[in-house]
There are 2 protein chains.
Amino acid sequence: MPRIKHDEPTTHRTMQVVNHIRSLIENGTLQPGDKIPPEREFARQLKISRASLRTGIGYLAAMGVMKIRHGVGTFVADGPPEFGKASLGMMGALHGFQTWQMFEARTILESNIAALAAERGKDEHHAAMAEEVAEMFAAMNSPADFLIHDLLFHRIISQASGNPILASVIETITSALYDKRRKTVERSTDMRQSAEMHREIYRAIRNRKPNEARKLMEEHLHQAQVAQGQERPPDKKAATSLVAAVK
Amino acid sequence: MPRIKHDEPTTHRTMQVVNHIRSLIENGTLQPGDKIPPEREFARQLKISRASLRTGIGYLAAMGVMKIRHGVGTFVADGPPEFGKASLGMMGALHGFQTWQMFEARTILESNIAALAAERGKDEHHAAMAEEVAEMFAAMNSPADFLIHDLLFHRIISQASGNPILASVIETITSALYDKRRKTVERSTDMRQSAEMHREIYRAIRNRKPNEARKLMEEHLHQAQVAQGQERPPDKKAATSLVAAVK
DNA sequence: GCCCGTGATGAGGTCAGACCACTATTATAC
DNA sequence: GTATAATAGTGGTCTGACCTCATCACGGGC
């Protein structure tokens with residue numbers, strides 16, 4: 001029989017680095033925000049070349065797990081979890097993501113997240129949400145500020161849902177939509193209505209009414225979508241239909 | 001006076017590579033599955049060192065946009081879109097993702113996706129789904145094969161939903177759960193029931209009954225979760241029924 | 001005394017070229 | 001004809017030098 005040499009992927013230096021850092025994170029040695037040793041020293045510790053170490057670190061940086069600052073050092077990411085910033089944009093270019101699809105995904109995710117938040121939200125979440133709603137009413141004449149508090153409001157709901165995975169997915173999609181939103185928010189004439197809507201959502205969550213929260217969130221996002229003229233185009237499928245691609 | 005070597009404000013080489021490839025993808029020069037030129041030649045074309053080129057390619061590979069095959073070449077990813085394979089696992093280690101959270105996320109996503117598939121699925125999707133259901137019944141005595149067709153079935157539903165963004169998110173979460181599933185599927189005594197369930201889901205989708213499909217999918221995933229003892233830990237009382245549920 | 005330029009320091013970024021390892025194909029031996 | 005061996009092509013790793021950037025301490029000028 002032909003000799004099978006199927007070695008383990010343990011060989012690749014890149015994965016060696018990734019796994020090492022992973023274990024450091026898992027056993028608590030590395031915490032979000034921590035700085036890792038300088039490349040030259042770290043490479044010596046791991047008994048690999050600096051070049052290989054760098055590919056490994058680059059890999060982690062691409063996934064958003066590490067953050068590199070030229071001239072300063074390399075750190076473990078500490079912000080809200082986000083699946084590779086450029087990832088979605090890249091995927092969009094590759095597989096032809098449409099804006100309406102982003103809205104659809106966001107609507108499904110956020111409406112369910114709102115329901116979860118209504119079930120599990122704690123007092124501090126309610127307080128923070130109330131705060132942001134108030135800020136929205138106060139920023140009625142400043143679209144840019146309004147948008148900031150809008151984002152914050154939604155982010156708090158994500159946290160209140162108690163499911164960080166869903167929160168990160170939303171975060172990724174939202175950040176991809178952010179640029180588009182920023183361009184159109186100026187012409188928004190419905191900030192008052194939007195603020196009211198947010199307040200209603202807040203109330204539904206605070207009063208622990210999951211279904212109401214879900215419904216309101218759905219409605220809210222639908223309005224936002226319409227306001228940007230990003231409705232799903234009529235069902236005229238240019239369907240590529242590659243069932244074989246599933247393989 | 002040593003004049004300052006005022007080079008272009010070209011951003012980091014890594015991003016230079018990423019953007020270059022991105023533009024190649026956007027203008028259609030590179031299609032999924034295509035092979036990019038050998039590193040040495042490509043580096044010469046871009047007028048950068050091979051090391052820098054490799055950094056950029058590594059970045060794209062980490063995001064799942066490119067696939068590297070040692071000794072063969074580097075290709076544009078062609079399978080189902082997937083956000084960095086290791087990404088979720090890494091994030092889990094960093095932010096403490098729990099298995100029950102993955103199930104929750106998956107349930108929310110897949111039940112809604114099933115509903116969308118019921119609305120938008122086309123004949124070829126229905127056919128492919130029927131095929132997989134049949135394979136499941138045929139593989140009843142081979143857990144490994146059964147699992148494969150199980151995965152395929154769900155993947156076809158994702159495609160049928162007509163929203164590739166949701167499909168990729170699911171794909172990412174599912175692949176993270178795959179290993180855990182593989183370990184427990186052997187003891188599954190409910191493959192028959194599982195197959196029946198899949199058939200019912202298929203029927204709901206084919207008959208364009210979104211709400212029914214959603215409900216069935218929810219139920220199906222809940223069963224799968226229970227079968228693995230990955231229920232969400234109750235907030236208050238301990239669940240003693242879990243052990244019995246496994247059989 | 002305070003401010004600001006300037007150099008020293010340490011970190012990541014890039015480069016070049018040699019050499020190693022894997023895969024698939026082709027040539028050769030049997 | 002088939003199995004083994006040689007080979008070409010491609011990614012993977014190493015070395016070590018040099019470049020760029022961010023920060024801080026020092027010291028002259030105000």
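Here is the naming used below: chain letters follow the sequence lines, and residue numbers restart at 1 for every chain. Not measured: the values here are computed from a predicted model.
Against DNA chain D, the stretch residues 29-37 of chain A makes no heavy-atom approach under 4.0 Å.
In this structure, A:A77 has no side-chain contact (heavy atoms from CB on, under 4.5 Å) partners at least two apart in sequence or on a different chain. Under the rule for a ring-ring contact (aromatic ring centres under 6.0 Å, His included), B:Y202 has no partner lying at least two apart in sequence or in another chain. Not counting sequence neighbours, B:F97 has no partner by the ring-ring contact (aromatic ring centres under 6.0 Å, His included) test. Taking B:T55 as the reference, B:T14 meet the side-chain contact (heavy atoms from CB on, under 4.5 Å) condition, with sequence neighbours excluded.
Heavy atoms of B:T55 sit nowhere under 4.0 angstrom from any nucleic acid atom.
Rounded to whole Å, the distance from CZ on A:F42 to C1' on C:dA11 is 15 Å. Separating the OH atom of A:Y59 from the P atom of D:dG12 is a distance of 12 Å, rounded to the nearest angstrom. A:E39 places its CD atom 14 Å from the C1' atom of D:dC19, with the value rounded to the nearest Å. Rounded to an integer number of Å, the gap from A:F75 CZ to C:dG10 P is 16 Å. B:H12 places its NE2 atom 17 Å from the C1' atom of C:dC15, with the value rounded to the nearest Å. In this structure, B:R44 atom CZ and C:dA16 atom P are separated by 12 Å, rounded to whole Å. Atoms NZ (A:K47) and P (D:dC14) sit 13 Å apart, rounded to a whole Å. Going from atom CD1 of A:I68 over to atom C1' of D:dT20 covers 15 Å, rounded to whole Å.
Side-chain atoms of B:I48 lie closest to C:dC15 of the nucleotides D:dG11, D:dT13, C:dC15. Distances from the side chain of A:A51 to the nucleotides D:dC14, C:dG12, D:dG11 place D:dC14 closest. Nearest nucleotide to the A:S49 side chain, out of D:dT15, D:dT23, C:dT14: D:dT15. Checking C:dT14, D:dC14, C:dA11 against the side-chain heavy atoms of B:S52 singles out C:dT14 as nearest.
The main-chain N or O of A:Q31 is found under 3.5 Å from a side-chain atom of A:D34 such that the two form a donor-acceptor pair.
At C:dA11, none of the side-chain N or O atoms of A:T74 fall inside 4.0 Å of OP1 or OP2 (strictly under the cut-off).
Ring geometry for B:H154 against B:H220 counts as parallel: the plane angle stays under 30°, on a 0 to 90° scale with 60° as the upper cut.
Pairs passing the salt bridge (charged side-chain N to carboxylate O under 4.0 Å, His left out) check and including a residue from residues 153-171 of chain A, sequence neighbours excluded, read A:R155-A:E171. Residues in residues 134-143 of chain B take part in these side chain to side chain donor-acceptor pair (under 3.5 Å) pairs, two or more places apart or across chains: B:S142-B:D145. Contacts classified as salt bridge (charged side-chain N to carboxylate O under 4.0 Å, His left out) and involving residues 54-80 of chain A (residues at least two apart or in different chains) are given here: A:E39-A:R54.
Map A:R54 and B:V72 each onto its nearest nucleotide of DNA chain C; the residue landing nearer the 5' end is A:R54. Comparing A:R69 and A:L53, the nucleotide of DNA chain D nearest to each residue sits closer to the 5' end for A:L53.
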Contact list (N/O, under 3.5 angstrom) for nucleotides 18-20 of chain C vs protein:
from	atom 1	to	atom 2	distance (Å)
C:dC19	N4	B:R40	NH2	3.4

Check against side chain to side chain donor-acceptor pair (under 3.5 Å), A:E104 and B:N163 | CA-CA 8 Å; A:E104 183 173 271; B:N163 192 322; 2.9 Å; yes

